[in-house]
2 protein chains.
Amino acid sequence: MPKPPTMKDVAAAAGVALKTVSRHVNGATNIDPALAARIAAAITELGYRHNLAAASIRPGRSAKVIGLVISDLANPYWSLLARSVERTLSANGYLLMTVSSEEDADRHRLLIDRLLAQRVDGLIVSPPRRDTTAWAAAAAPLLPVVAIDRPALSAPPPPAPVQDARATREDQPLSLAEPPAPSRTDDDLHTDADVDAMRRQHPPLVDTILADNAGGAQAATRELLRHGARRILFLGDSLELYTMRERHAGFLRALASAAPEGADFSVATAHTAAEAADVVTALLGTGRIDAVFAANNRASVGAVDAFTRVGARLPLIGFDDFEAATLVRPGVSVVAQDVALMGEAAAQAVLARLAGDTPPPATTTLPTRLILRGSELP
Amino acid sequence: MPKPPTMKDVAAAAGVALKTVSRHVNGATNIDPALAARIAAAITELGYRHNLAAASIRPGRSAKVIGLVISDLANPYWSLLARSVERTLSANGYLLMTVSSEEDADRHRLLIDRLLAQRVDGLIVSPPRRDTTAWAAAAAPLLPVVAIDRPALSAPPPPAPVQDARATREDQPLSLAEPPAPSRTDDDLHTDADVDAMRRQHPPLVDTILADNAGGAQAATRELLRHGARRILFLGDSLELYTMRERHAGFLRALASAAPEGADFSVATAHTAAEAADVVTALLGTGRIDAVFAANNRASVGAVDAFTRVGARLPLIGFDDFEAATLVRPGVSVVAQDVALMGEAAAQAVLARLAGDTPPPATTTLPTRLILRGSELP
DNA sequence: TTGTACGCGTTATCAG
DNA sequence: CTGATAACGCGTACAA
């Protein structure tokens with residue numbers, strides 16, 4: 001690997017000063033055409049390439065690179081988001097460094113450190129599940145930071161289990177990696193979801209792009225109730241995740257406001273589609289549930305898989321659209337987020353601050369859309 | 001945005017020389033513990049962060065960043081690959097810059113230029129469909145380059161349409177964005193696929209990681225024939241794409257070697273799942289085809305979608321596994337690539353050369369696996 | 001319009 | 001073990 005030619009080499013070959021080459025490379029117009037031609041010739045001759053890394057250390061200059069921290073590129077939700085962010089940034093001359101935290105708090109911190117060391121111009125981050133907000137507090141003064149999918153909030157302490165007449169807690173249906181979250185009702189204040197809601201009143205630490213998780217879950221649950229569901233299973237990931245708490249809260253809100261007397265519900269946790277399928281398989285035919293709200297795409301896939309394998313189904317609505325949703329019969333109804341729009345909004349928020357805007361950090365909550373395809377019916 | 005503190009600031013605050021701070025930051029051991037403590041204190045005090053971009057301009061140093069050029073992050077195939085690459089690189093201290101070329105040759109060149117200007121340490125590239133190999137020739141002398149999914153080959157000229165008794169060409173079933181590729185048989189030499197095969201004999205321009213596209217397609221086609229298929233539809237993307245040519249060649253090879261007298265086939269092109277669904281819908285029930293080989297994941301999804309909508313199905317095998325494949329009945333049989341392994345192999349190839357290895361560029365062809373789930377049956 | 005001299009934040013040399 | 005000094009590749013005052 002021969003070391004690449006520098007501006008100095010080009011200047012020497014073209015018989016001009018360094019500065020003139022610099023001008024040419026940066027597209028300045030006020031250059032003698034004769035010199036410009038000599039320089040251009042020397043550049044192609046030597047195979048010179050502008051060194052952006054070197055240029056970026058000058059004050060006021062930057063490499064035009066943005067960092068994106070998500071939890072898992074392999075999940076279609078995140079890859080769609082990453083694509084959308086990359087498109088918007090690319091159209092504005094920025095490159096994107098994407099890293100996966102895999103929901104690991106330590107790795108999350110490490111990755112952010114690395115990106116800051118790399119001197120990226122901006123950061124789009126999905127906060128980790130037990131967020132201390134330390135990363136945001138440290139990074140925000142240095143560069144534009146946007147939180148996506150979840151706000152930069154410290155995780156509230158786990159709430160105490162609560163029971164009431166209308167809310168019963170499923171015994172752990174299968175051995176799962178994590179105990180199922182306790183069921184709660186709307187009457188029960190001072191819970192994690194409520195803490196989230198309270199904090200949302202205060203100005204956010206950084207610009208934040210969210211979907212209306214609670215609203216979407218509420219609409220889906222209401223739809224299931226409308227079709228006669230009385231014992232709905234909330235099947236999702238750990239309630240340590242903000243989005244899960246929100247969707248859970250929306251679920252409960254629908255039950256509190258729209259459920260007839262005697263309605264009941266249960267909650268189960270599954271990290272993967274396979275775990276979700278196991279949960280549903282174990283419950284199918286027991287009569288303990290008569291409908292499923294799948295709180296993320298993996299849960300939806302698991303539920304459909306269980307239905308297909310067992311040869312029986314229950315009314316189902318999922319959160320997040322997924323490719324298979326239109327391929328099975330009945331089609332899977334979902335609460336769809338506009339992922340492309342979220343990515344674009346996050347990218348635009350970073351770009352706006354890079355362009356000099358300095359409004360106080362704001363939270364943008366994008367609406368979700370209930371797409372009915374038939375699976376909500378009994 | 002206050003400008004971040006530098007090593008000089010830290011040195012001043014700690015009352016030591018610049019070089020000592022540099023030593024401390026780079027983890028040198030031979031430092032007076034007292035000074036080291038003062039430096040550490042100053043670093044946390046000032047909030048100093050190592051500037052890797054600045055450090056990388058020294059000769060022999062680099063930012064430890066790799067560029068990845070793929071065609072579309074939104075396609076699960078590419079996002080899985082990107083995840084795998086990122087994992088391997090991340091484990092070795094490298095960051096990844098992922099960009100999508102969207103199969104556009106100009107954009108492809110632009111992106112590679114940009115990544116080279118950024119002085120990435122290595123490049124993992126899926127060559128564009130009409131590759132001139134100019135990018136590879138230019139980049140390969142500068143840094144480790146790996147071609148993935150397709151070799152870095154110039155595209156051969158489109159072959160002249162050929163006909164014979166056993167091969168008939170479907171009239172264009174629907175108005176598609178691109179005319180269907182001509183059908184050919186094994187007797188027909190000097191075709192694009194054959195050119196590909198010939199070039200593969202010669203040493204590749206750069207390290208290359210491929211899947212056994214032809215072998216997988218051949219196995220799938222043979223399986224369809226074994227179950228009685230006689231008029232198979234090859235449903236794929238443009239044959240300008242190397243992988244499509246390879247799969248098409250394998251398809252033809254199976255027909256040539258295993259098809260009984262009177263067997264027939266046809267070829268249709270579709271860029272999206274929707275287009276593929278339209279093609280299959282138009283052909284279903286006409287009797288012109290009695291089985292489908294879907295040459296990529298979008299074609300598979302389209303075929304399944306058509307089957308579901310029409311309420312009729314034909315034997316089907318797809319290329320590339322996809323999430324919905326196990327959720328429909330019958331399960332969709334596929335030729336599966338080990339995407340994770342391909343990504344890891346590509347990353348390891350780059351890392352090996354970065355570590356100093358300099359073997360001649362080699363091509364690694366990874367086996368594919370035929371997964372039978374029932375859809376291959378009549 | 002072009003060139004000179006210097007600084008950006010870091011690391012390497014080499015003398016103390 | 002430490003520190004002054006010179007690069008690294010590039011952009012910008014400022015002078016010519």
Side-chain angles (χ1 to χ4, degrees), chain A residues 1-40 42-43 46-64 114 116-121 142-143, chain B residues 1-40 42-43 46-65 116-121 142-143:
Chain A
M1 308 282 170
K3 79 163 188 294
T6 75
M7 266 195 187
K8 186 153 58 170
D9 302 329
V10 174
V16 296
L18 200 65
K19 169 63 188 163
T20 314
V21 180
S22 174
R23 281 225 180 93
H24 181 92
V25 167
N26 287 24
T29 55
N30 49 349
I31 302 182
D32 186 322
L35 290 191
R38 293 223 311 268
I39 293 173
I43 286 180
L46 300 177
Y48 168 79
R49 318 192 73 96
H50 193 193
N51 186 338
L52 260 156
S56 73
I57 78 169
R58 300 308 313 279
R61 297 245 151 195
S62 84
K64 306 200 83 171
R114 180 72 157 78
L116 289 177
Q118 209 79 44
R119 290 299 191 273
V120 294
D121 300 306
L142 299 173
L143 39 52
Chain B
M1 307 281 169
K3 78 166 191 292
T6 75
M7 265 193 187
K8 186 153 58 172
D9 301 329
V10 174
V16 296
L18 200 60
K19 174 62 187 161
T20 312
V21 180
S22 174
R23 281 217 183 86
H24 180 91
V25 168
N26 289 26
T29 54
N30 48 348
I31 302 182
D32 185 322
L35 291 191
R38 294 225 307 271
I39 293 172
I43 285 180
L46 300 178
Y48 167 79
R49 317 193 75 96
H50 193 193
N51 186 337
L52 260 156
S56 72
I57 79 169
R58 302 313 313 288
R61 293 244 153 195
S62 84
K64 305 200 86 173
V65 175
L116 289 176
Q118 208 80 43
R119 290 300 191 272
V120 294
D121 300 305
L142 299 173
L143 38 53

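First the proteins, then the strands, lettered A, B, ... as listed; each starts at 1. It should be emphasised that the depicted structure is a prediction, and the values quoted were computed from it without experimental measurement.
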Whole angstrom value for the distance that separates P of C/dC8 from CG of B/N51: 13 Å
Could you go through A/L143 and A/V120, starting from their C-alpha distance and side-chain angles, then the distance that decides it, and tell me whether this counts as side-chain contact (heavy atoms from CB on, under 4.5 Å)? CA-CA 8 Å; A/L143 39 52; A/V120 294; 3.9 Å; yes
Which nucleotide wins on minimum distance to the side chain of B/V16, given the candidates D/dT2, C/dT10, D/dG3? D/dG3
Would one find a side-chain N or O of B/N26 under 4.0 angstrom from OP1 or OP2 of C/dT11? yes
Between C/dA15 (P) and B/K19 (NZ): distance, integer Å: 16 Å
B/R23 CZ - D/dG3 P separation (whole Å): 9 Å
Just how far is it from atom CD1 of A/I43 to atom CZ of A/R49, taken to the nearest 0.5 Å? 11.0 Å
Of the options D/dT2, C/dT2, C/dT10, whose atoms approach the side-chain atoms of B/T6 most closely? C/dT10
Side-chain contact check for A/R58: nearest option of D/dT12, C/dG7, D/dC8 is C/dG7
Closest listed nucleotide, where the reference is the side chain of A/P59 and the choices are C/dC14, C/dC8, C/dT11: C/dC8
How long is the line joining NZ of B/K8 and P of C/dT11, in whole Å? 15 Å
Once you apply a heavy-atom cut-off of 4.0 Å, does B/R61 come out as touching a base, just sugar-phosphate, or nothing? sugar-phosphate
Name the closest nucleotide to the B/Y48 side chain, picking from C/dC8, C/dT4, C/dT10. C/dT10
How many whole angstroms separate atom CG of A/D9 from atom P of D/dG9? 8 Å
Of the listed nucleotides (D/dT12, D/dC8, D/dC10), which one gets closest to any side-chain atom of A/M7? D/dC10
I want to check something: taking the side chain as every heavy atom from C-beta on, are A/R119 and B/L52 in contact at a cut-off of under 4.5 Å? no
Would you check if A/N51 and A/T6 make a side-chain contact, meaning some heavy-atom pair closer than 4.5 Å? no
Base, sugar-phosphate, or nothing: which does A/L35 touch, judged by heavy atoms less than 4.0 Å apart? sugar-phosphate
Atom-to-atom span, CZ of A/R38 to C1' of C/dT1 - whole angstrom: 14 Å
Of the nucleotides C/dC8, D/dT2, D/dG9, which one has an atom closest to the side chain of B/D32? D/dT2
Side chain of A/T20 only, please: which of C/dT2, C/dG9, C/dT11 is the nearest? C/dT2
Whole Å only: how far is the CD atom of B/Q118 from the C1' atom of D/dG9? 14 Å
Does B/H24 have a side-chain nitrogen or oxygen under 4.0 Å from the phosphate oxygens OP1 or OP2 of D/dC1? no
Closest to the A/A17 side chain: C/dG3, D/dT12, D/dA7? C/dG3
Output for pair (A/Q118 CD, B/K64 NZ), nearest 0.5 Å, gives 11.0 Å
Working to the nearest 0.5 angstrom, can you tell me the gap between B/H24 NE2 and B/M7 CE? 10.0 Å
By nearest heavy atom, map B/I57 and B/L18 onto DNA chain D; which one lands nearer the 5' end? B/L18
N or O in side chain of B/S22 less than 4.0 angstrom from C/dT11 OP1/OP2: yes
